[in-house]
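The block underneath contains the structure these notes are about, expressed in structure tokens.
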Amino acid sequence: MIPFDKLLNPEQLEAATAPDGPLLVLAAAGTGKTQTLVYRVAFLVEQGQAPDSLLLLTFTNRAAREMIERAQAAAGEAAGGVWSGTFHHICNRFLRRFGDRLGFRHDFTIFDRDDSRACIDECVKTLKLNRKEFPKRDVLAGLFSHAANRAVDVEDAIEHNLSALQVDPMDIVRVHGAYEARKRELGAMDFDDLLVNGLRLLREHEPVRQYYQARFRHVLVDEYQDTNLLQAQTVDILAAQHGNVMAVGDDFQCIYGWRGADFRNIMEFPKRHPACRIVKLERNYRSVPEILEVANAVIAGNPEQFQKTLRATRPARDKPRALFLRDGDEQARAVVRQVRRHQEEGFRLRDMAVLYRAHFHSIELQMELSRAGIPYVITSGVGVFEQAHVKDVLAFLRVCCQPCDRLAFARLLGMLPGVGEKSVEALWRELGGQFDSAAPPQRAALAGRLRPPARAAWKAIGELLAAYHDERLETRGGEIVDRFFEAFLHAHLERTYENAEKRADDIVELALQIGRSPSVPAFLAEVALLTNVDHTFDRQKRGEDADALQLGTVHQAKGLEWPVVFVIWVAEGMFPSSRTLGETGDDAEERRLFYVAVTRAKDELCLCVPQMRGAREGGVFYCKPSRFIKELPRGLLRETYGLR
DNA sequence: GTTGGGAGAATTTTT
DNA sequence: TTCTCCCAAC
């Protein structure tokens, strides 16, 4: 028997051991939300629930893995059988199994951002709309995604977003139609399609719905405040039969509104589930009282939320600092100095993090850290699996096992000398709209159609494709990647990039990663859904990273904590970001984001406020301290000016 | 048709 | 500073 009452405080205990029925846990930052979910899982398993009748939906793969591991530690290995992952992951699993009901192959490809963008470009071109003033692919992609995640028509999304634009909305609707058709044709889904189709599958196919409804006796959702309409509906359908749905979240921390997250989902949960029991967790175990005072004051600026106050449990320490600095360079030097000071006090580099609103805010700091010789890891905007050279390898693997994957085919062939877009198109057509690398005649046909220079370069790749099938390398992904690298990619990288060695290291890493997956197709199905946050976390966990300072956006820091946290560019226009304010004029979400940043800190918090920002062409312009600092009552921060 | 150079623009947050 | 697009040469 697990001694729940010894491990949990009364509120946590109430949530973890609650009887069946809907349950809403309002868990403020640092109040043991994860702990509560972990022990809820442990409790259910101990009560005799079959682990695979539990579904745990989380926001990152990292969170899912962490909770399952901890549940295993508490309730035994069996807890590993719980279904867990992100909404995208779980929908992916549903669709791999039952997607044929919607007309998809079981080996459909998942478009990542680049794939979507390329595909949209293609559609715009085909429709001959590629005029200068026509919206760019990113704008279009954003629009389509906006519509999908809110379950509205593209027309409505256009009206909502681009009413000022001088474009015929019907043209955009036509691009959208073409994009949808193209994905169909290629047997592909983009990120949003996973959610849309996952929900459609449950809605429109009763046997599938009944199967999953019967199967999942309990549905648990982490970070519920960041669910969008599709996700909330998916949860409600899955839990409809047994009625056991547990939503855990904090409306103060809803920071994905721009992606369709709607904190009304959490606000109205009690209305949708009238019998629901509500538990509030307010005792904060993470931060010192001085930091919590700042956090409470920050969020007080947002009305209309569930009232929660963070209550401190830790003893007093120093007040958080506000450093007022001249510009980004001085800020970078100040952070370096502070980092060194904390090191002298005994903090390790990995105990410290620098958070910012947007990736480009970190440029000066990165340069200064390099100069100072302080190692750092940055969770960058471009995912590890989105970099060009990594995608080259993935394209090769996709050609190995996905005969209909035209995009991968195009990418792989495009690496050959003298082969570009047009040649690829012609080849694909001549091969009959597919390329089955398992079939020797197809391989021969392809080689035969290449021009001599390309054919020479293809030889090595063709042999590897044969080897993949003949030697059954699908379960030895690491080996096939190494061989592809040796036989072709290494030379290609040398030819194409300045920093070929660095990129080569990434390929070694990739080979290792694939080696941990049961098979190449399994890896490919998951890889588009892995994020760089997951990746950084994995590396740290395996101890592959040396002690290093952590850099990342506030969004990426969600759910994490560090003894020492720096927030940089706490200035109007940067944080809050002028872009967001320009669109809606509403700063509530930015304030919640700032709240998330502040509540990541356990012992020390340092807010950096530069007063000047370099503009283009060498000019400067002044920026005021962020409203989030100005709103605070006086006396909560230790203010210092300049480098000290 | 392909490729590379050069000029120009731009720079939110993510599955 | 880094990506992106367009044009001219092979």
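Here is how names work: the chains are called A, B, and so on, in the same order as the sequence lines, proteins then strands, and each is numbered from 1.
In this structure, A:Phe360 places its CZ atom 19 Å from P of B:dA9, rounding to the nearest Å. In this structure, A:Met574 atom CE and B:dT13 atom P are separated by 12 Å, rounded to whole Å. Between the NE2 atom of A:His361 and the P atom of B:dT12 there is a distance of 9 Å, rounded to whole Å. For the pair A:Asp190 CG and B:dT14 C1', the interatomic distance rounds to 13 Å; values are reported in whole Å. One can place CG of A:Asp138 at 8 Å from P of C:dT4, the figure rounded to the nearest angstrom. Atom-to-atom, CZ of A:Phe87 to P of B:dT14 comes out at 19 Å; the value is rounded to the nearest Å. If you take NZ of A:Lys136 and C1' of C:dC6, they are 12 Å apart, rounded to a whole angstrom. In this structure, CG of A:Leu413 is placed 15 Å from C1' of B:dT2, rounded to the nearest angstrom.
Put simply, A:Thr553 has a side-chain N or O that comes within less than 4.0 Å of OP1 or OP2 on B:dT14. Side-chain nitrogen and oxygen atoms of A:His359 include at least one within less than 4.0 Å of the OP1 or OP2 phosphate oxygen of B:dT13. Taking only side-chain nitrogens and oxygens, A:Arg117 comes nearer than 4.0 Å to OP1 or OP2 of C:dT4.
Rounding to the nearest 0.5 Å gives a distance of 9.0 Å between CZ of A:Arg259 and CG of A:Asp192.
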What do the steps show when you test A:Arg627 against A:Glu572 for salt bridge (Lys or Arg N to Asp or Glu O under 4.0 Å), and what is the final call? CA-CA 7 Å; A:Arg627 64 188 72 181; A:Glu572 279 297 296; 2.9 Å; yes
Go through A:Gln225 and A:Glu223 one step at a time and tell me if the side chain to side chain donor-acceptor pair (under 3.5 Å) criterion holds. CA-CA 5 Å; A:Gln225 77 282 355; A:Glu223 308 277 15; 2.9 Å; yes
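If you take atom P in B:dT12 and the same atom in C:dC5, they sit 15 Å apart, rounded to whole Å. Rounded to the nearest Å, the gap between the C1' atom of B:dT13 and that of C:dT4 is 22 Å.
A:Leu416 comes within contact range of the sugar-phosphate backbone alone, with a heavy-atom separation under 4.0 Å but no base atom that close. Contact annotation for A:Arg451: no contact, since no heavy-atom pair falls under 4.0 Å across all strands. Among the atoms of the strands shown, only primed sugar atoms or phosphate atoms (P, OP1, OP2) are found under 4.0 Å from some heavy atom of A:Tyr256.
Enclosure of atom CZ in A:Arg150 by more than 12 non-hydrogen atoms of other residues, nucleotides or ligands within 6.0 angstrom is indicated.
Ion pairing between a basic and an acidic side chain is recognised when a charged N comes within 4.0 Å of a carboxylate O; A:Asp138 and A:Lys136 show no such pairing.
Picking from B:dT15, C:dT4, B:dT14 the nucleotide with the shortest atom distance to the side chain of A:His555 gives B:dT14. If you check C:dT4, B:dT12, B:dT15 against the side chain of A:Arg137, the one that comes closest is C:dT4. The nucleotide whose nearest atom lies closest to any side-chain atom of A:Gln556 is, among B:dT12, B:dT14, B:dT2, B:dT14.
With no hydrogens or angles considered, a side-chain donor-acceptor pair links A:Asn265 and A:Thr227 at under 3.5 Å.
Taking the 5.5 Å centre cut-off and the 30° plane limit, the aromatic side chain of A:Trp258 is classed as stacked on B:dT13.
In this structure, A:Glu589 and A:Gly414 both approach DNA chain B, and ranking their closest nucleotides by distance from the 5' end singles out A:Gly414.
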